[in-house]
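Remarks on the structure that follows.
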Amino acid sequence: MAIKRRTFLKLLGIGSISTVSVAGLGNLLSQAEVKAVEHKAPEGALKAQRWGMVIDVKKCIEAGSDCMNNCPAIQACHSTHNVPNIPDKKKEIKWIWSDSFEHAFPELRDERVMEHLSKFPFLLLCNHCDNPPCVRVCPTKATFKRSDGIIMMDFHRCIGCRFCMAGCPYGSRSFNWIDPRPYISKVNPEFPTRTPGVVEKCLFCYQRLDEGKLPACVEACTAKALLFGDLNDPNSEVRQILKERFAIRRKVELGTNPSVYYVI
Amino acid sequence: MLEYALKGTKKYWLWVFFLAILILIGFSFYYQQLEVGLGITGMSRDVSWAFYIANFTFLVGIAASAVTIVLPYYWHNHKVYGKMTLVGEFLAVAAITMCLLFVVIDMGQPMRVFNVIRYPTPNSILFYDVIVLNGYLILNLICAWTVLHSYYKGVAYPSWLKPVIFLAIMWAPLIHIVTAFIYQGLPGRHYWLTAIMAPKFLASAFCSGPALLVILASLLKKVANFDIGDKAFETLGKTVTYFYLVFIGFYLFEVFTVFYSNIPGHKAPFQYLFIGFEGHAEWVPFMWTAVVLALIALILLINPATRKKETTLVLACLAVFFSAYIEKGIGLITGGFTPNAFETVTPYRPTFPEAMITLGVWATGFLVLTILYKLVLEVERRKNLAVKLQKN
Amino acid sequence: MYNTNKVIIGIIVFIIFFAMPFWLNFGKVEALPKPELPKEEKKCIEDTDYMKAYHMKFLDEWRKTKVREGKVNYINNEGKIYKMSLQRTCMKCHDNKEKFCDRCHKNLVVQPDCWKCHLAPEEVKKWQ
C-alpha cells in the first residue's frame with residue numbers, strides 16, 4: 001500500500017479543517033457583506049445604478065377612500081404576477097399591500113403622533129435593501145442582489161428553507177404553503193405562477209424594466225403616489241422629491257438601508 | 001456485529017414493531033405533506049418556522065451533549081464513564097439522524113436539498129450547519145463503531161482513533177454554536193438577537209442531554225440488565241445540576257436585560273410567552289409548566305440526598321428534559337416570530353399531521369438508537385458470558 | 001456456498017423485481033411517439049436535430065442566463081434574435097404542451113417540473 005491509513009486520515013483531517021477554516025475566514029473578512037451580481041441592462045431597458053421607490057402617502061389620502069380601499073397599484077401588481085388571493089390569512093401571499101402607520105413603523109408608535117398619521121395608508125413591499133439580510137442568509141443564492149439594486153428571486157433554485165423569511169425584518173416575503181393556482185382568479189399568460197414550497201416577493205418588475213416599462217404598480221397608480229427611479233442619480237424624479245419633502249424608511253436602525261422611501 | 005440487531009427477544013421485536021408503526025404513520029402524513037405542501041402544518045406567513053425546526057434545534061443540543069461523557073472519559077481518563085461513552089456517542093448519532101430528517105422535512109422543496117452543496121454559499125450560516133452536522137454524524141459513527149468493534153474483538157482500539165476522538169470532542173460544541181448563529185444573527189428578531197444565545201444553547205444542551213442519558217441508562221438497567229454503575233449516575237447527576245443552574249442563570253440574565261432596559265420590542269416576546277400579548281396567550285400554560293418543572297428539578301437536584309438516589313434523580317432528569325424541551329423546542333421559535341415584523345400576533349399551533357410527522361421522526365431516531373444499543377448490549381452480554389465460562 | 005438454496009431464490013426474486021417494468025410492459029409495444037409540430041413555422045430556434053437532443057440543456061441555459069445574469073435575448077447560429085422565454089417564445093409556436101412536450105415525455109417517463117410554475121397554453125385557456 002502506497003499510502004497508509006493513518007497518513008490518509010491525517011491528510012483528510014487536515015484537508016477538511018483547512019477547508020472549513022478558509023471558508024470561515026473568507027466569511028469573516030467579507031463581514032457578511034453581500035456581493036451584488038453584475039447586471040447589465042439589455043438594450044431598450046430602463047437603466048439605473050440603484051433602483052428605488054418613493055411613496056407619497058399624502059396623495060393616497062387625496063385620492064379618497066375609494067381608491068385606498070381598492071388600490072389599483074396592488075391589483076395591477078397581483079394580477080401581473082399571478083399572485084393568488086388566498087383567503088386564509090396564515091397562508092396568504094402578497095407582494096405589495098397596504099397597512100397602518102403603527103404596523104409599518106412599530107418602533108415609531110406614539111399615540112399623539114398617530115392622531116395625525118394613522119389615517120394614512122402605507123403601501124408595503126420588498127424594500128430592496130442595499131444590505132439585504134435575506135440574501136446574506138440564503139444557503140443557495142436563490143435570492144441575490146443585482147448590481148442595479150434589485151433583490152431577485154430564482155424560483156428554480158429555492159429550496160424552501162424559509163431562512164430568508166426569518167431574516168427579513170419587514171415581513172416582505174411570502175411562502176407558498178399550498179398550490180397557488182386554484183386561488184388565481186385571472187391569469188397573466190406572460191408570467192409564470194409559483195410551485196408550492198418556494199418563497200416569493202416583489203421583484204421591482206425586473207421583467208417590465210427590461211422592456212423599458214415602469215413597474216406595474218407605478219404605472220397603475222391613478223393618484224401618482226408611487227415614484228420609481230434611480231436613487232444614485234441626483235436629477236432623477238425620486239431624488240427631486242426627497243430634496244423637498246420629509247421622508248422616512250422602515251427600520252433604518254437595522255442597517256439594511258432600504259430603497260423604499262415614504263414621504264409624508 | 002450488525003447481525004446482533006436481527007436476533008432478539010419477543011419484547012425487543014415488539015418494541016421495534018411499535019416504532020415501525022409510528023414511523024409508517026409519520027411517513028403517510030409526510031407523503032400528504034409532499035403532495036399538498038407545508039400548508040398541512042400550522043405554520044404561517046408570520047410564524048414561518050415552527051415545530052420541526054424547534055425539534056431540530058433541541059436535538060442538536062442532545063447530540064452535542066455527548067461531549068459531556070466523551071470528554072471526561074477520553075481527555076481526563078475518567079474511568080467511571082467506561083460503559084457510558086458508547087451509550088452517549090450512539091445517542092448523538094441517533095439525535096443527528098433526527099436533526100437531518102427534521103431539516104429535510106421542513107423544506108418546501110426537499111428534492112432540491114442538494115442545491116446547498118451544488119451552490120455553496122459561505123455567507124449563509126446554514127452552509128456551515130450542513131458541514132458541522134454531517135461531520136459530527138460521521139465522526140461519532142467512526143468513534144463509537146471502532147471502539148465497539150475493538151471491544152468485540154477483545155483488542156484495544158487502534159491508535160489512529162485517538163485524534164478522531166479529540167476532533168469529535170472539539171466538534172461537539174461547534175454544532176450547537178453554529179445552530180445558535182442561525183438565530184442570533186438575524187436583525188429584527190428581538191428574542192433571538194442576543195449574544196448569550198450560543199452559551200445558553202450549550203448550557204441547556206449539556207443539562208438536557210445528560211438528563212436524557214440518565215433516563216436511558218436507568219431504563220437499560222431495568223429492561224436489559226445493563227448497569228453503568230452508581231458512580232456514573234452520580235457524576236451524570238452533577239453534570240446535569242451544574243449546567244442546569246448555568247442555564248437558568250443565563251435565562252434570568254436575559255430577562256433582566258430585557259425588562260430593566262425596558263425596550264418594548266425586546267419585552268414583547270417574553271410577554272407573549274409568559275403573560276400573553278395583545279390578547280394572545282397560546283403558549284402561556286406551556287411556559288409556566290416549564291417553570292414549574294424547572295423548580296421541581298432544581299429542588300431535586302440541589303439537594304444532595306435526592307440527587308444521589310436513582311429514582312429521584314431520574315424524576316429530576318425527566319423534569320429537566322421536558323422543561324428544556326418546552327423552552328427550546330416551543331418557546332424559542334414561536335417567541336422569535338411572535339410578535340411579527342408588524343408587532344402583531346399570528347398565533348401558531350401545530351396541526352395533527354405536523355405532530356404525527358414529528359412523532360414519526362422521533363420514532364425513527366429511537367429505532368436507530370434501539371439498534372445501536374442492541375449491538376452494545378449484545379457485545380457486552382457475550383463478553384460477560386465468556387468471562388464466566390473462563391472462570392468455570 | 002452457504003445457504004445455496006436461499007441465495008439462489010434471493011437472486012431470482014431480485015431479478016424479477018428489478019425487471020418489473022419489462023414484465024409489466026411485455027408485448028405492449030406502442031408506436032413511437034409523434035409530437036405535433038407547429039404548422040406555420042418550419043424551423044425552430046436551432047436545428048431540429050439539435051433541439052431534439054439538447055432542448056433540456058438549452059432551456060436550462062436560458063433560465064440561468066435570464067434569471068441570474070439578467071440577459072434577455074438569445075442569438076441563434078444564423079444571427080437571429082429571440083427573447084429567452086418559455087411561455088412567450090417557445091410556447092407561441094408550440095402552442096400545445098400536451099401534443100408536443102408530453103407525447104415524448106410520457107413515453108419516456110420523464111417529468112420535467114417546468115409546468116408546476118410555467119403556464120402551458122392549454123392551462124391558460126382554463127381561466128378564460
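So you know, we letter chains A, B, ... as the sequences are listed, proteins then strands, and number each from 1. Any value given below was found using the heavy atoms of this structure, including those in side chains, with hydrogens, waters and symmetry copies removed.
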Give, for atom [atom1] of [X] and atom [atom2] of [Y], the distance between the pair rounded to the nearest 0.5 Å.
{"X": "A:E107", "Y": "B:I263", "atom1": "CD", "atom2": "CD1", "result": "12.5 Å"}
{"X": "A:R136", "Y": "B:S124", "atom1": "CZ", "atom2": "OG", "result": "11.0 Å"}
{"X": "B:R118", "Y": "A:R157", "atom1": "CZ", "atom2": "CZ", "result": "7.5 Å"}
{"X": "B:R45", "Y": "A:K94", "atom1": "CZ", "atom2": "NZ", "result": "5.0 Å"}
{"X": "B:L186", "Y": "A:M165", "atom1": "CG", "atom2": "CE", "result": "13.0 Å"}

task = Please look at A:K251 and chain B and tell me whether the side chain, the backbone, both or neither of the residue comes under 4.5 angstrom of a heavy atom of that chain.
result =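 Just its side chain gets close to chain B.
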request  = Let me know if A:V135 has heavy atoms under 4.5 Å from chain B in its side chain, its backbone, both or neither.
outcome  =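 For A:V135, backbone heavy atoms alone lie under 4.5 Å from chain B.
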message = Donor-acceptor pair, distance only, cut-off 3.5 Å: does the side chain of A:K90 make one with the backbone of B:V47?
response =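 Side chain of A:K90 to backbone of B:V47, a donor-acceptor pair under 3.5 Å: no, none is there.
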inquiry  = For A:C161, is there any backbone N or O sitting under 3.5 Å from a side-chain donor or acceptor partner on B:Q109?
reply    =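 Not at all, since once roles are kept as given, no pair shorter than 3.5 Å links the two residues.
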ask   = Do B:R112 and A:T140 have side chains that get closer than 4.5 Å, going by heavy atoms?
value =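 B:R112 does not reach A:T140 side chain to side chain.
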inquiry  = Strictly less than 4.5 Å between heavy atoms, which residues of residues 167-183 of chain A line up against chain B? Please order them by number.
reply    =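 Interface residues of residues 167-183 of chain A: A:G167, A:C168, A:P169, A:Y170, A:G171, A:S172, A:R173, A:S174, A:F175, A:W177, A:I178, A:D179.
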Heavy-atom distance under 4.5 Å to chain A: side chain of [X], backbone, both or neither?
{"X": "B:P347", "result": "backbone"}
{"X": "B:P120", "result": "backbone"}
{"X": "B:L38", "result": "both"}
{"X": "B:M111", "result": "neither"}
{"X": "B:S48", "result": "both"}
{"X": "B:L126", "result": "both"}

Does [atom1] in [X] sit with more than 12 non-hydrogen atoms of other residues, nucleotides or ligands closer than 6.0 Å?
{"X": "A:E253", "atom1": "CD", "value": "yes"}
{"X": "B:K153", "atom1": "NZ", "value": "no"}
{"X": "B:Y119", "atom1": "OH", "value": "yes"}
{"X": "B:Y31", "atom1": "OH", "value": "no"}

Taking every heavy-atom pair that is under 4.5 Å apart, which of [options] has the most such pairs with chain A?
{"options": "B:T121, B:T344, B:L193", "result": "B:T121"}
{"options": "B:P187, B:G37, B:G188", "result": "B:P187"}
{"options": "B:F337, B:W160, B:W192, B:Y348", "result": "B:W160"}
{"options": "B:I53, B:V113, B:N115, B:V130", "result": "B:N115"}

key: chain B contacts, top residue of A:A104, A:A142, A:C158, A:S100 (heavy-atom pairs, under 4.5 Å)   =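 Max contact count across the listed options: A:C158.
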Stepwise side-chain contact (heavy atoms from CB on, under 4.5 Å) check, A:R162 with B:D106 = CA-CA 9 Å; A:R162 311 192 292 295; B:D106 189 64; 2.7 Å; yes
ask   = Using the ring of each side chain (for Trp, its six-membered ring), is B:W49 parallel, tilted or perpendicular to A:F163, with breaks at 30° and 60°?
value =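 Rings of B:W49 and A:F163: tilted, 30 to 60°.
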message = By the ring-ring contact (aromatic ring centres under 6.0 Å, His included) test, which pairs, at least two apart or in different chains, include something from residues 114-144 of chain A?
response =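 Non-adjacent pairs meeting ring-ring contact (aromatic ring centres under 6.0 Å, His included): A:F101-A:F122, A:F105-A:F122, A:H116-A:F120, A:F122-A:Y262, A:H128-A:F204.
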ask   = Are B:D46 and A:K89 close enough, and set up right, to give a salt bridge (charged side-chain N to carboxylate O under 4.0 Å, His left out), and what steps lead you there?
value = CA-CA 10 Å; B:D46 291 326; A:K89 283 265 172 248; over 6 Å; no
key: Residue pair A:R250 / B:F342: nearest heavy atoms and the distance that separates them   =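 Of all heavy-atom pairs spanning A:R250 and B:F342, the closest is NH2-CE2, 3.4 Å.
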